[in-house]
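To start, the structure itself, in structure tokens.
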There are 2 protein chains.
Amino acid sequence: MKKITIGEASRTSGVKVPTIRYYESIGLLPEPNRSEGNQRAYEPADLRRLAFIRHARELGFEVEAIRTLLTLQDDPHQSCASADAIAKARLIEVEQRIRSLMALKAELELMVEGCGHGRVDQCRVIEVLADHGQCSHARH
Amino acid sequence: MKKITIGEASRTSGVKVPTIRYYESIGLLPEPNRSEGNQRAYEPADLRRLAFIRHARELGFEVEAIRTLLTLQDDPHQSCASADAIAKARLIEVEQRIRSLMALKAELELMVEGCGHGRVDQCRVIEVLADHGQCSHARH
DNA sequence: TCTTGCACCTCTAGTCGCTAGAGGATGTAG
DNA sequence: CTACATCCTCTAGCGACTAGAGGTGCAAGA
């Protein structure tokens, strides 16, 4: 049973060293055992937990949501309704965000296309920003 | 020439009062004249500037980008190449964000659909989070 | 054995764009 | 004149890290 240093944990999980320590400080990761020289010594289970956290963060789950998901994972006999609800809520957020970004994209495209590449006083980018009324009236 | 209070400026621009003071503190808005009682007294030009800022923020431009756009607007004889570049960069950011959110949406949908609404140990949501290999290999 | 040099430790403070709250002054309507 | 809303400044907090200072541990080469 070789001990896993924080650096190895970082390399295998793709989570930066200070971020791992941060996760520990906010209680997402348990405090690992320490070596004689007071260095963190992780175990495979910690690496799995770290991978879980990383994946969830990549999917945009907030730390509090991840905290809940982790407690669910820790107790596999519970109903998964909460996990389901958290994922659904995240899905709805993502869908809304996509919609608003699409509207935004349309408006930016209009701005960029309309730019005559001349001087600022003819610039559609500046003009549109200065006058919301010129927008294609995307909801924002 | 009636003086415009910060509250009126807030109502007409839709920017909250503390946010207006914040914009002043970081130099996006000029320091307005003060009334006898030391209250800010805005002028129409300030309201236009505030509207510009708000619109740009809604489009997701960062404060530093807005700072540049504002200096461009202040000097209309400059080339609008910078404004154009800033808007284009923002457009690219938005497009990338949309792409990554679409991938994310697909993965969340798989998770949610796959949830059997039973116990956690059969929950696809938890399972997928725990094992990245189960992803549809969206790039993340 | 010594030394070099990297990885580790803790702690504090900074990032971005606000937002909240304390504690007090001013302005306005009845 | 009294409420009460609005204004003022100032500091601290949010989320999720990130950066840096100042120090210790450890493994490998000379």
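In the text below, chain A, chain B and the rest are named by the order of the sequence lines, each starting its count at 1.
Side-chain N/O atoms of B:Arg54 include none lying less than 4.0 angstrom from OP1 or OP2 on C:dC18. Of the side-chain N and O atoms in B:Arg21, one or more sit less than 4.0 angstrom from OP1 or OP2 of D:dC8. Residue B:Thr5 places no side-chain N or O under 4.0 Å from the OP1 or OP2 atom of C:dG27. Neither OP1 nor OP2 of D:dT6 sits under 4.0 Å from any side-chain N or O of B:Arg40. OP1 or OP2 of D:dA16 has not a single side-chain nitrogen or oxygen of A:Arg67 nearer than 4.0 Å.
No continuous path of ILVMFWY side-chain contacts below 4.5 Å connects B:Leu101 to B:Ile92, so the two sit in separate hydrophobic clusters.
A salt bridge between B:Asp84 and A:Arg124 is absent, with no side-chain N of the basic residue lying under 4.0 Å from a carboxylate O of the acidic one. The pair A:Arg67-A:Glu62 does not meet the salt-bridge criterion, since no charged nitrogen lies less than 4.0 angstrom from a carboxylate oxygen.
A donor-acceptor distance shorter than 3.5 angstrom exists from the side chain of B:Ser13 to the backbone of B:Ala9, with no hydrogens or angles considered.
Two residues, B:Glu64 and B:Gln39, neighbour DNA chain C, and the one matched to the more 5' nucleotide by heavy-atom proximity is B:Glu64. Both B:Glu36 and B:Phe61 lie near DNA chain C, and the one whose nearest nucleotide falls closer to the 5' end is B:Phe61.
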Mind listing the N/O atom pairs, protein and nucleotides 19-24 of chain C, below 3.5 Å?
{"unit_1": "C:dT19", "atom_1": "OP2", "unit_2": "B:Thr19", "atom_2": "OG1", "d": "3.1"}

